[in-house]
2 protein chains.
Amino acid sequence: MAKERVTVVDIARAAGVSKSTVSLVLQGSPLVNEATRAKVNAAIRELGYVYNRGAANLRQAKSKIIGIVVNDLTNSFFAELAVGVDAVVQSAGFVQFLANTGEKIERQREVIASMREHGVSGLIISPARGTEAADLAPLVASGIPVVLVVRDIAGAGVSSLTSDNRAGALAAVRHLIERGHRRIAFLGGFADTAVFEARVRGYRDALREAGLDASDELVIGSAPSRAGGVTAIEQAMMLEDRPTAALCFNDAVAFGVCDGLRARRLDPGQDFAVIGFDDVIEAKTAVPALTTVSVDPQGMGERAAELLLKQINAGRAEAQAIVSPVRLVVRQSCGAAIERRLKEISS
Amino acid sequence: MAKERVTVVDIARAAGVSKSTVSLVLQGSPLVNEATRAKVNAAIRELGYVYNRGAANLRQAKSKIIGIVVNDLTNSFFAELAVGVDAVVQSAGFVQFLANTGEKIERQREVIASMREHGVSGLIISPARGTEAADLAPLVASGIPVVLVVRDIAGAGVSSLTSDNRAGALAAVRHLIERGHRRIAFLGGFADTAVFEARVRGYRDALREAGLDASDELVIGSAPSRAGGVTAIEQAMMLEDRPTAALCFNDAVAFGVCDGLRARRLDPGQDFAVIGFDDVIEAKTAVPALTTVSVDPQGMGERAAELLLKQINAGRAEAQAIVSPVRLVVRQSCGAAIERRLKEISS
DNA sequence: CCTTTTAGTTGGAACGTTCCAATTTCGTCA
DNA sequence: TGACGAAATTGGAACGTTCCAACTAAAAGG
């Protein structure tokens, strides 16, 4: 088997019709007689025909492929994002080309080029760190619909879907302040990203409006990973005037911070309040359950895919920047448990 | 811009050569004169030409696409596996079609069909739960090289790359026994998978060779997730005769078990020994650092991709079942810390 | 009975590339 | 100078599909 490819012509011969008719059947056209359709379908099954989408694309000059490029697939935030995209893209009859850049601009350039060569009809990109508008210029000039997710790039002239990072950070820090914290740190993340900048801005604004200290020593960068969280909290605990709470760049950092606290025999949520950002799946089941700003990566992926599909169908659409709202999910790690216990005692 | 596609003929006209010559340049053939090559390349840049790989594939009847289908991309084990595949596949000049089945057979059927239609030249599959040899029969009959990873399927007649689950479990449980544990549970995982079966077999063999109780009540299944781990340890703690240690189906379960222990005010690694399976990235940085059986998902992805590429290049290769070795990484969660402390005291 | 309509079917050109065999160009040698 | 071989270039067919305009057969209308 697998000797020679079975094509429409073979099917046509077997079914005693022309290749045009077979093509019509393949596309479910109503123009073809019920009886012939049955004959053709029988022949298709019989010969084990496989549709050649490449040939079809060549003729029609459009593919049913959309590309998604993410900067770090090992980060479960992006993995979930990809899953969200996949879900809607698949049910729209498209198929997903996924590539991982690992934050490398060069790799990103390569994979985008490769996707264009394969004729993707749209692209969802979570850009690598340091991507500039110029890097995307040839792509957008080609007229392929592009949606940027998570990280926006100023002046790129394409649609983007980001979350309201400033508002999320603001809400989180306000919450910590309400709980009575006066010295609050911001831990983790690379300082040269727009996301970091926005979250820190929200953090500072909340401190300022409460008239609290927003000195630079309280903002401690690190890799946006669990390991980075450990080092960040260690650094924070070296400070003369130690913080009693922290907003973390993301959930991975927050978990690392909890690890670091435990390593110092401190109980996260009890001795120190920590809030994360993103609300990855593990946040709910962790102990203590992580208070975090919910971003819903899967939902973001879905919305990005919908936006892209809309642009593909519309042919040409205005670039729009959507910032999706975000909400604080209060669980245990910010000290909710303490309060509950205090209430129990007083009642 | 983006009006009309520029093709080789446009380039040919602009450079004053024939389309055949342009094609030769595109493929880096040594047959073409240095001067003409330069002219052609200039025209390519000038007109912003993008290569149409679809058309090329049509002519050559082979693509540079490999497909990878995973059963759960939100599980970081599989995300890392995909990253490993991506790395070697990309550097071999291929591009990766990734699809997520979410453990659904029907979806798996669809994505495999879609990939065949797109003419992938090989497929790496981590099959959904319950996949049978019959499900893959048409695929293997077509002669497309296929490599199964993580989960093997008996009688499928294709190559597979799995890890030595029995040996890993055996080593882990032996280690717990050496540490003095006598009542050891196996927690988490779905009982109807080959992986579960192999790990439990290793677990039982270790108990048996030490003459210990291997009763069924100590094997407690659950979803192979963090949440599943929480419920599994809860169930274990309800037993008349409680275990003092557990081997977990995977790291996610192990983290859940730690969470569950903490919820009961028990200190994992101290009051109860836990060992995971897989060695995901977080295992090292967690507190306590997780003792686990290292499977190196990224490395597995790389090896699977290499195996697949070899088969693609060889044209026709014997199906081989590779089981890759596995090693126990001892960290804190199995009580290593306790021992260290005992040593400190005695010295 | 002829014309018109409708339902169904069909051959051939086209999509953008690669491959093959054929051709041109050019330098070298007798 | 003519012949020869090597180097470089080329036109056309082919890949598997879709689209279009043209065709046939049968039914409907006059």
With distance as the sole criterion, is a donor-acceptor pair present between the side chains of [X] and [Y] under 3.5 Å?
X	Y	answer
A:S20	A:S23	no
B:N71	B:T101	no
A:E110	A:S114	no

key: B:R303 and B:E306: CA distance, side-chain angles, deciding distance, salt bridge (Lys or Arg N to Asp or Glu O under 4.0 Å) verdict   = CA-CA 5 Å; B:R303 277 193 301 271; B:E306 279 155 11; over 6 Å; no
Short N/O separations, protein against nucleotides 23-27 of chain C, under 3.5 angstrom:
none

Atom CD of B:E46: over 12 foreign heavy atoms under 6.0 Å = no
request  = Let me see the working for B:S63 and B:N57 under side chain to side chain donor-acceptor pair (under 3.5 Å), right down to the final yes or no.
outcome  = CA-CA 5 Å; B:S63 77; B:N57 291 344; 4.9 Å; no
inquiry  = Expected output is a numbered-order residue list: members of residues 109-116 of chain A with a heavy atom under 4.0 Å from any atom of DNA chain C. What is it?
reply    = none
task = Find the distance between OH (B:Y49) and CG (B:N41) and round it off to the nearest 0.5 Å.
result = 11.5 Å
Would you list the protein and nucleotides 15-21 of chain C atom pairs, both N or O, that sit under 3.5 Å from each other?
{"residue": "C:dC15", "atom": "O2", "partner": "A:R59", "partner atom": "N", "Å": "3.4"}
{"residue": "C:dG16", "atom": "N2", "partner": "B:A55", "partner atom": "O", "Å": "3.4"}
{"residue": "C:dT17", "atom": "OP1", "partner": "B:Y49", "partner atom": "OH", "Å": "2.3"}
{"residue": "C:dT17", "atom": "OP1", "partner": "B:N52", "partner atom": "N", "Å": "3.3"}
{"residue": "C:dT17", "atom": "OP2", "partner": "B:V8", "partner atom": "N", "Å": "2.6"}
{"residue": "C:dT18", "atom": "OP1", "partner": "B:Y51", "partner atom": "OH", "Å": "2.7"}
{"residue": "C:dT18", "atom": "OP2", "partner": "B:S23", "partner atom": "OG", "Å": "2.5"}
{"residue": "C:dT18", "atom": "O2", "partner": "B:R59", "partner atom": "NH1", "Å": "2.3"}
{"residue": "C:dC19", "atom": "OP2", "partner": "B:Q27", "partner atom": "OE1", "Å": "3.4"}

inquiry  = Does this structure show an ion pair linking B:R109 with B:E132, if we count only N-O contacts that are shorter than 4.0 Å?
reply    = no
key: Phosphate-side-chain proximity, B:T21 and D:dT10, N/O vs OP1/OP2 below 4.0 Å   = yes
message = Could you tell me how far apart A:R13 (CZ) and C:dT10 (C1') are, to the nearest whole angstrom?
response = 16 Å
